[in-house]
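Note that the coordinates shown come from a computational prediction; the quantities given were computed from them, not determined experimentally. Every chain is numbered from 1 and lettered A, B, ... according to where its sequence line falls, protein lines coming before strand lines.
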There are 2 protein chains.
Amino acid sequence: MNNDSSVIQQPVRTKNGGLIKSAEKLVTSYPRVPITVDCVIFGFDENELKILLIRSDLEIFKGQWSLLGDFAADNEELDDAAYRVLCERTGMDDVYLEQVRTFSKPGRHPGGRVLTVAYCSLLNIEQHKLGKMDNELHWHSVQNIKEMAFDHKEIMDYCYNWLQKRIMEHPLGFNLLPEKFSLRELQNLYEAILNVKLDRRNFRKKFFSMDFLIDTGEYEDDVPHRPGRLYQFNFQKYELNKRRWTGIDF
Amino acid sequence: MNNDSSVIQQPVRTKNGGLIKSAEKLVTSYPRVPITVDCVIFGFDENELKILLIRSDLEIFKGQWSLLGDFAADNEELDDAAYRVLCERTGMDDVYLEQVRTFSKPGRHPGGRVLTVAYCSLLNIEQHKLGKMDNELHWHSVQNIKEMAFDHKEIMDYCYNWLQKRIMEHPLGFNLLPEKFSLRELQNLYEAILNVKLDRRNFRKKFFSMDFLIDTGEYEDDVPHRPGRLYQFNFQKYELNKRRWTGIDF
DNA sequence: TTTCTATTGTGTAAAATTAACACATGTAAA
DNA sequence: TTTACATGTGTTAATTTTACACAATAGAAA
């Protein structure tokens with residue numbers, strides 16, 4: 001591990017005032033680290049917030065679950081790497097994805113120093129029905145996960161926390177819902193993520209006043225009670241007014 | 001660049017079901033990247049938000065300013081690396097420091113691929129009077145910086161934006177002020193960071209109601225008008241009540 | 001000593017937002 | 001036809017935010 005990187009420990013830096021001619025020489029004189037991206041992929045199903053995990057392929061973590069991740073390729077921008085992982089593993093594109101934080105604790109990877117950049121992703125679980133091939137993949141209820149491989153539990157907790165804050169500032173939640181949804185579903189989503197109970201009438205008022213909901217005129221189907229109206233999220237309008245958006249406050 | 005890392009491009013992964021015995025072997029088969037930390041160090045002086053920059057020591061960026069940064073050492077946690085940079089360059093310890101974001105665009109460093117993790121730091125500028133030795137260091141007004149070496153302008157902009165949001169959620173600003181300060185100074189700070197004008201009376205009410213200000217009983221000195229009271233920030237009390245803290249709203 | 005200037009320190013009323021709460025309506029199942 | 005259950009809607013009280021004016025106090029100037 002890191003044998004070649006420790007050959008030259010003294011930086012190429014000139015002592016005083018002199019400028020460094022070769023940036024390349026400078027760079028190659030420092031330690032280098034393998035980089036991974038890890039995706040915390042959230043979904044929403046049965047009124048629970050879920051996260052997509054894969055069985056670890058390392059002997060040492062046998063039986064444990066881990067985030068979907070991969071090493072970054074040569075010269076690969078990390079956003080691209082995360083997106084690649086997402087596409088390869090879920091077959092989906094056009095997915096919400098955002099960088100959250102970098103984790104660098106020495107010893108976090110049993111194979112030596114590996115730095116990982118955590119990404120948070122929100123997707124519609126219905127559009128990613130796991131095939132029979134995917135017996136290594138599984139949607140877990142976020143609340144039930146006790147331990148994970150590597151430091152992935154810590155990463156997941158951080159990202160879940162991040163999501164709770166983030167969803168108060170931007171209407172990300174819609175990425176987790178089907179294209180058409182009832183207000184009840186929307187409220188269930190917020191209650192699941194924030195882990196609180198909300199007043200139905202005030203919730204409704206709040207979202208209508210935001211003016212990002214399009215009334216489809218359609219109604220729920222297959223419910224054993226009065227069906228609710230179905231709405232769509234107005235992504236366009238949101239993008240236009242994003243700057244004036246100051247967040248939700250329940 | 002990256003010549004040894006591209007020797008083995010095929011991952012060691014077993015095709016189906018088989019677990020990987022050697023995590024080490026897996027890790028060493030992937031590309032490796034030099035990592036830097038870059039500190040966006042904010043200060044407050046003459047009612048302006050400032051940032052501490054250093055003249056780039058690279059020939060290619062001659063005359064341009066850059067963030068204070070360094071390469072991460074072997075097995076060095078990045079928080080530690082950032083803290084090390086901060087201490088080495090400013091001689092200060094016990095400084096507010098927080099990771100903000102990782103920047104990975106290929107081509108962002110002229111010496112080849114270098115990944116950098118940006119940290120945001122807030123310190124009391126009075127306690128870091130630049131000595132004569134530090135003629136490579138300079139406090140710049142944040143508003144005046146047009147261009148910087150590397151992608152540091154982008155990083156600075158991102159961190160400034162981050163700070164504007166962050167300061168609404170946590171009372172970080174006190175790190176930028178002297179131990180004892182008047183309410184006017186505090187308001188100037190917020191106005192400088194947020195780039196807005198605030199109502200003096202409401203600002204005052206807001207901060208008193210937070211109950212984090214300790215009245216020292218002392219007064220300003222050397223002002224050509226009625227002197228204001230001096231306060232201290234109650235860090236202890238804040239730490240205790242942090243969890244219930246929901247932010248400021250001007 | 002007096003006057004002037006500038007900034008501190010304080011309170012209240014209007015406006016906006018949030019929180020709490022109840023009843024009629026519509027569908028499917030019994 | 002009745003029952004069960006969730007939808008859809010409006011009002012009032014409480015809280016928070018905004019807007020705004022005047023007396024007090026120090027140093028500087030006259």
What contact category does [X] fall into here, base, sugar-phosphate, or nothing, at under 4.0 angstrom with non-hydrogen atoms?
| X | value |
| --- | --- |
| A:D249 | sugar-phosphate |
| A:R184 | sugar-phosphate |
| B:R201 | base |

Parallel, tilted or perpendicular, as decided by the 30° and 60° cut-offs, for the rings of A:F233 and A:F174: parallel
Aromatic ring pairing B:F103/B:Y158, orientation class (parallel under 30°, perpendicular over 60°, tilted between):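 Rings of B:F103 and B:Y158: perpendicular, over 60°.
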When the side chains of residues 165-172 of chain B are checked against the rest of the protein, which donor-acceptor pairs come out under 3.5 Å, sequence neighbours left out?
| unit_1 | atom_1 | unit_2 | atom_2 | d |
| --- | --- | --- | --- | --- |
| B:R166 | NE | B:E98 | OE1 | 3.4 |
| B:R166 | NH2 | B:E98 | OE1 | 3.4 |
| B:R166 | NH2 | B:E98 | OE2 | 2.8 |
| B:H170 | ND1 | B:Y238 | OH | 2.6 |

For [X], side chain to side chain donor-acceptor pair (under 3.5 Å) partners two or more places apart:
| X | result |
| --- | --- |
| B:E239 | B:K242 |
| B:K206 | none |
| A:D80 | none |
| B:D79 | B:Y119 |

Distance-only donor-acceptor hits, side chain of residues 224-231 of chain B, under 3.5 Å, sequence neighbours excluded:
| unit_1 | atom_1 | unit_2 | atom_2 | d |
| --- | --- | --- | --- | --- |
| B:R229 | NH1 | B:D215 | OD1 | 3.3 |
| B:R229 | NH1 | B:D215 | OD2 | 2.5 |
| B:R229 | NH2 | B:Y219 | OH | 3.4 |

Net bend of the helix from C:dT1-D:dA30 to C:dA30-D:dT1, end axes of five pairs each, nearest 10 degrees: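 Computed from the C1' atoms at both ends, the axes differ by 10°.
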Boundaries of the chain B footprint along DNA chain D (any atom under 4.0 Å from a heavy atom): D:dT17 to D:dG27
Which residue lies more 5' along DNA chain D, comparing A:P227 with B:R226 via nearest heavy atoms: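 Result: A:P227.
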Salt bridge flag under 4.0 Å for residues B:K105 and B:D151: no
Residue pairs, two or more places apart or on separate chains, that pass ring pair (Phe, Tyr, Trp, His ring centres under 6.0 Å) and touch residues 79-98 of chain A: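 Every pair satisfying ring pair (Phe, Tyr, Trp, His ring centres under 6.0 Å) with a residue in residues 79-98 of chain A: there are none.
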ring-ring contact (aromatic ring centres under 6.0 Å, His included) against B:W139, all qualifying residues, sequence neighbours excluded: none
Aromatic ring proximity A:F207/A:Y190, centre distance under 6.0 Å: yes
Close residues, residues 203-224 of chain B, relative to DNA chain C [heavy-atom separation under 4.0 Å]: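 Output list: B:R204, B:K205.
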Where chain A begins and ends its contact with DNA chain C, read 5' to 3' at 4.0 Å from heavy atoms: C:dT18 to C:dA28
Polar side chain donor-acceptor pair, A:Q232 to A:E179, under 3.5 angstrom: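 Yes - a donor-acceptor pair under 3.5 Å links their side chains.
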